[in-house]
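Reading through the C-alpha cells given below for one structure.
Source: prediction; values computed, not measured. All ligand and atom numbering here is 1-based and tracks the order in the structure. One is the number of the first residue; the rest follow in order along the sequence.
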Amino acid sequence: MEKIQVVTKGVLGSVSQADIDALESEGKKSLAKLTDGSGAGNDFLGWVKLPQETPAALIDDINATAAQLRDLCEVVVAIGIGGSYLGAKAVIEALSNSFAAYQPAATKVVFAGQNIGEDYLAELQEFLKDKKFGIIVISKSGTTTEPAIAFRILKEQLEAQLGREEANKRIVAITDAKRGALRSLATTEGYKTYVIEDNVGGRFSVLTPVGLLPIAVAGFDIRALMEGATAMANATLSGKCDAALTYAMTRNALYRAGKKIEILVNYNPKLHFFGEWWKQLYGESEGKDGKGIFPAAVDNTTDLHSMGQWIQEGERTIFETVISVGSTERELRIPSDEANLDGLNYIAGKRVDEVNKMAELGTRIAHIDGGVPNIQILLPALTEQYLGQLIYFFEAGCGISGYILDVNPFNQPGVEAYKSNMFALLEKPGYEKETEAIRAKL
Ligand code: PA5
C-alpha cells in the first residue's frame, strides 16, 4: 500500500530547511515519548498502538452489531459530541456519495447530541416519527450534557414507538467500562455495549468502537480502515515513515517564526468534516498554557470565494496544510460546445479534476508568493485504507507536535469552564456556590 507523503518545499522562504532540521532532535525525542510513555499525559497513550492491537474478534463483533442494526433500522442516530462524534462523521462523509441523504438507500446514519439545538432535535424527532430507527449513544465520560439530552429525548420516542423491550434491541451504548451515568443506564436496561478504554482520550478514539460502529453501520469497510491505520502506525513507530515527524517539526518551526494560525485546506468537499475532526484534535491538544497554533479549515475552491482574499493579503500570521487527493473515484469530462458562448471550449475534453488540480496548484503558488507557507499532504485517494493512514498520521503528528510545544497534548482542562457556568446557571444540584457567584456577575 502506497503511503501518504508530506511535502515541505512550500514553506521554504518563510522558514529555512535548517530551521526545520533544528527541531529534529526535539521531534525524535517527542516521538520516543509516545512509545516509552515518558511524556506528560502518559496515561492517555492507548491510541499509539491501538490499530495493531485491536483484536480481529472486536472488528467482527462490531460488524455483526452493525449488520443487526442495518437489518432492523432505516435510520441509526449516532449520539455524541467532540471526540465521540467528529471521527465517525468525518470518515462517513469522506466515503459517502455526496447526495446519499437524498437517495433511497440502506440504513442512513444521522447525528445528534453534537449541539443543543431545539429545532434540530424537534426536526429530528419529526423525521424519525414514521421510521424504523435505532440509536448508538456514545460518551466516554457518560456524563456529557449535550448527548445526554438527545438520548433522553430519542430513547423516549423509540420506547413509545416500539415498547421498551424492542427499543432496547436497537440501542447500543459506547462508554467507559465502569464509570458514568451512561454505563449505569446501559447496565440497568441491558443494552449491547462497547467499552472506550481509559487510556484513549475522546479525540483519539475514532479507531475504537466510537468511530468504527457508526462507520460500519453506514456500510464502510472498517477492516480496511484499520489496515491503513496499522500500516501508518507500524511505519511511523519503526521510523520507516517520517511523515508525522516531518509535519510536527515543520508546523512548530513555522509557529516559532510567528505563524500562529494553521489552515487545513481541502479541494474535495467530502473532506469538510475531516477538517472539523482535525480542528478538535489539534485545538484541544495544543491550545493551553497560553500557547498553541490556532487550527482553522477551509474547503476550496468554495472558500477561495469567501476567505481567499484574507488568506492572500491579510495578516501574515498564517500557514496552510493542503490535503491533495491524488485521484477521484469517478471520471467526468467537460463537454465541447459548438457555440462556445460561455468561452469554456479551451478546457473542453478535460477532466473536472484536472481543472480542480490546476486551481489547487495555482492557489498554492499564489499563497506561497503572498507569504503563506504551504505544507502539502499527498493522499492517493479517498478510500478506507488511505483515510485510516491519514487518521493515524494526524494523531501521531499531534502527539509529537504537542510534546515539541511542551504541553500535555492529552488533557483538556479548559473545556470545563463553560460547563461549570452552564450548570451554575441551570441551578444544577451541587453548584449552589457557583450559581451565587455567577449571578453576581450578571
Ligand atoms: O476529546 C475529548 O476528550 C472531548 O472533546 C470529548 O470527546 C467530548 O467532550 C465528549 O466527551 P464524552 O465522550 O465524555 O461525552
| task | Could you check whether the rings of Phe111 and Tyr85 sit parallel, tilted or perpendicular, using 30° and 60° as the cut-offs? | result |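 The arrangement is perpendicular - the two ring planes meet at more than 60°.
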
Go ahead and list the nitrogen or oxygen contacts between ligand 1 and the protein that come in under 3.5 Å, distances to 0.1 Å, or just say none.
| residue | atom | partner | partner atom | Å |
| --- | --- | --- | --- | --- |
| ligand 1 | 1 (O) | Arg203 | N | 3.0 |
| ligand 1 | 1 (O) | Arg203 | NH1 | 3.3 |
| ligand 1 | 1 (O) | Gln280 | NE2 | 3.1 |
| ligand 1 | 1 (O) | Glu284 | OE1 | 2.9 |
| ligand 1 | 5 (O) | Gln280 | NE2 | 2.6 |
| ligand 1 | 5 (O) | Glu284 | OE1 | 3.0 |
| ligand 1 | 5 (O) | Glu284 | OE2 | 3.0 |
| ligand 1 | 7 (O) | Gly83 | N | 2.8 |
| ligand 1 | 13 (O) | Ser84 | OG | 2.6 |
| ligand 1 | 13 (O) | Lys140 | N | 2.7 |
| ligand 1 | 14 (O) | Lys140 | N | 3.4 |
| ligand 1 | 14 (O) | Ser141 | N | 2.7 |
| ligand 1 | 14 (O) | Ser141 | OG | 2.7 |
| ligand 1 | 14 (O) | Thr144 | OG1 | 3.4 |
| ligand 1 | 15 (O) | Ser139 | OG | 2.6 |
| ligand 1 | 15 (O) | Thr144 | OG1 | 2.5 |

| message | Testing the basics here: between Tyr403 and Gly39, what is the closest heavy-atom pair and its distance to 0.1 Å? | response |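 It is OH-C, 3.4 Å.
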
| Minimal non-hydrogen separation, Ser401 against Ala248, with atom names |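 Answer, listing the atom of Ser401 first, then Ala248: N-CB, 3.7 Å.
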
| request: For residues Gln157 and Leu128, determine if any side-chain heavy atom of one lies less than 4.5 Å from a side-chain heavy atom of the other. | output: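 Counting from C-beta outward, Gln157 and Leu128 do come under 4.5 Å.
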
| Cut-off 3.5 Å, side chains only: do Lys240 and Asn234 have a donor facing an acceptor? |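 Result is no, nothing qualifies.
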
| message | Is it true that Tyr120 and Gln114 share a donor-acceptor pair across their side chains at a distance under 3.5 Å? | response |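 The criterion, which ignores hydrogens and geometry beyond distance, is satisfied for Tyr120 and Gln114.
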
